[in-house]
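A quick write-up on the structure given underneath.
Numbers here are sequence positions counted from 1.
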Amino acid sequence: MTDFDRLSLNTRTTESWTLREAVEGAAAAGLPAVGLWRDRLAEAGIDEAVKILHDNAIRVSSLCRGGFLTDHDDAALDDNRRALDEAAAVGAPELIIVAGGMPDRDLRSARQRLADRIAELVPHAAERGVRLALEPLHPMYCADRAVISTLGQALALAAPHPAANVGVVVDAFHVWWDPDVADQIAEAGRQGRISSYQVCDWLVPIAADPLLSRGMMGDGVIDFGPLTEQVTAAGYRGDIEVEIFNREIWDADPATVVETMKRRYRDLVLPGLAVGA
């Protein structure tokens, strides 16, 4: 056991690295896992990706992303089925689902289409042994990226389905602000639905492009101690992914970014994993 036996490098954090470079970089840094994005998987190809992962003894904590299921047509369903196939092929236990935004002003109907399409995907997910991991995003992304903003909403969407097939993502960046987050994490734990715990920081001031406002832990306002303690007390024992969208971090040396990530994780996140374990 090491300080980093649950730390996973999300490939978006080291944006300039290819899949091979990210996997080899994680292995060189003593990390056990990576969170893959589908663009890197497409560049490498499934067979080559599987070989690279095997050769470096690196597991996949999740595949990102499926979702965007709120449009009026059903075109996204086939892409999500392909994503589930890809996740199964690389051994990812979870497919991260970003719900999708509003194609018009009818938010209620967009959420209903999301629920209907999740139900359509569940049988394929069950066949592939991959869980649909519903990720609520901060409310500022409701219009264009995710019509679910809280863990409570994600749990309500998951409720009709077995926990083995539909879970929820606890992403610190997206949920830290919610006054009900502790109760929602506890409820997700009681239901056995916590699919992933992702960490990065909320920067102040926010970037001009809100998508690129994620910071390295310790560079923003999130208190990771209580949040990590809550996730641990809820029974989550999986990998912790560091997923950062930030132009300055992307332009930095990736190996240096990984070393900084390890230090911040050890100092700010790791202590919370011991509480309630």
Side-chain angles (χ1 to χ4, degrees), residues 5-8 33 35 59-67 69 84 87 92-99 111-112 114-119 121-123 125-126 128-139 142 146-200 222-243 265 268-277:
D5 65 326
R6 295 173 59 189
L7 178 56
S8 177
R59 64 177 176 264
V60 180
S61 51
S62 72
L63 181 65
C64 196
R65 57 175 162 66
L69 294 163
L84 286 163
E94 315 282 346
L95 174 66
I96 306 296
I97 300 293
V98 176
R111 287 172 173 158
Q112 185 59 56
L114 171 63
D116 293 344
R117 287 164 181 166
I118 289 168
L121 290 171
V122 164
R128 296 297 181 267
V130 177
R131 183 157 61 169
L132 301 171
L134 308 180
E135 182 172 15
L137 270 57
H138 188 278
C142 183
V147 296
I148 55 173
S149 304
T150 68
L151 282 172
Q153 288 176 300
L155 288 169
L157 277 169
H161 311 290
N165 301 139
V166 184
V168 299
V169 179
V170 180
D171 185 325
F173 180 83
H174 292 303
V175 305
W176 70 273
W177 59 274
D178 189 341
D180 296 324
V181 70
D183 290 341
Q184 292 171 359
I185 289 172
E187 181 58 30
R190 281 191 289 272
Q191 295 182 22
R193 292 193 189 270
I194 301 180
S195 290
S196 178
Y197 179 39
Q198 297 181 338
V199 295
C200 71
I222 298 177
D223 186 352
F224 292 96
L227 197 60
T228 305
E229 291 173 12
Q230 291 157 14
V231 171
T232 302
Y236 181 69
R237 299 295 183 268
D239 292 317
I240 295 94
E241 287 188 18
V242 177
E243 181 187 52
Y265 171 86
L268 300 173
V269 180
L270 187 64
L273 297 178
V275 178

CG (Asp239) and CD (Glu94) are apart, to the nearest 0.5 Å, by 10.0 Å
For a quick test of reading the model, state the closest non-hydrogen atom pair linking Val130 to Ala92 and the distance between them.
CG2-O, 3.7 Å
Measure across Leu69 and Arg117 and return the closest heavy-atom pair with its distance rounded to 0.1 Å.
O-NH1, 2.7 Å
Heavy atoms of Val175 and Pro136 approach each other most closely as CG1-CG, 4.4 Å
Determine whether Leu114 and Val147 make a side-chain contact, defined as any pair of heavy atoms from C-beta on separated by less than 4.5 Å.
yes
Please assess Leu121 against Leu132 for the test side-chain contact (heavy atoms from CB on, under 4.5 Å), listing each intermediate value before the final yes or no.
CA-CA 8 Å; Leu121 290 171; Leu132 301 171; 4.0 Å; yes
Asp180 side, atom CG; Leu151 side, atom CG - distance, nearest 0.5 Å:
10.5 Å
Residues Gly35 and Ser8: closest non-hydrogen pair is N-OG, 3.2 Å
Heavy-atom pair of closest approach, residues Cys142 and Ser149:
CB-OG, 4.4 Å
Using 0.5 Å steps for rounding, measure from the CD atom of Glu187 to the CD1 atom of Ile194.
10.5 Å
Can you tell me how far apart OG (Ser195) and CD (Glu135) are? Round to the nearest 0.5 Å.
10.5 Å
Do Leu270 and Phe224 make a side-chain contact, defined as non-hydrogen atoms from C-beta onward lying under 4.5 Å apart?
no
Pair Leu134, Ile118 - check side-chain contact (heavy atoms from CB on, under 4.5 Å), show working.
CA-CA 9 Å; Leu134 308 180; Ile118 289 168; 3.7 Å; yes
Side chains of Val199 and Leu268 in contact at under 4.5 Å (non-hydrogen atoms)
no
Going from CZ on Arg65 to CD1 on Ile96, what distance comes out if it is rounded to the nearest 0.5 angstrom?
11.5 Å
In this structure, CD of Gln191 is separated from CG of Leu155 (nearest 0.5 Å) by 5.0 Å
Taking Ser62 as the fixed residue, which of Glu243, Arg131, Glu241 is the one that meets the side chain to side chain donor-acceptor pair (under 3.5 Å) rule?
Glu241
So which atom in Trp177 and which in Pro139 form the shortest heavy-atom distance, rounded to 0.1 Å?
CZ2-CD, 3.5 Å
Among side-chain atoms of Tyr197 and Thr232, is any donor-acceptor pair under 3.5 angstrom?
no
List the steps and the verdict of side-chain contact (heavy atoms from CB on, under 4.5 Å) for Thr228 and Ile240.
CA-CA 10 Å; Thr228 305; Ile240 295 94; over 6 Å; no
With a 4.5 Å heavy-atom cut-off, do Val170 and Ile185 have their side chains touching?
yes
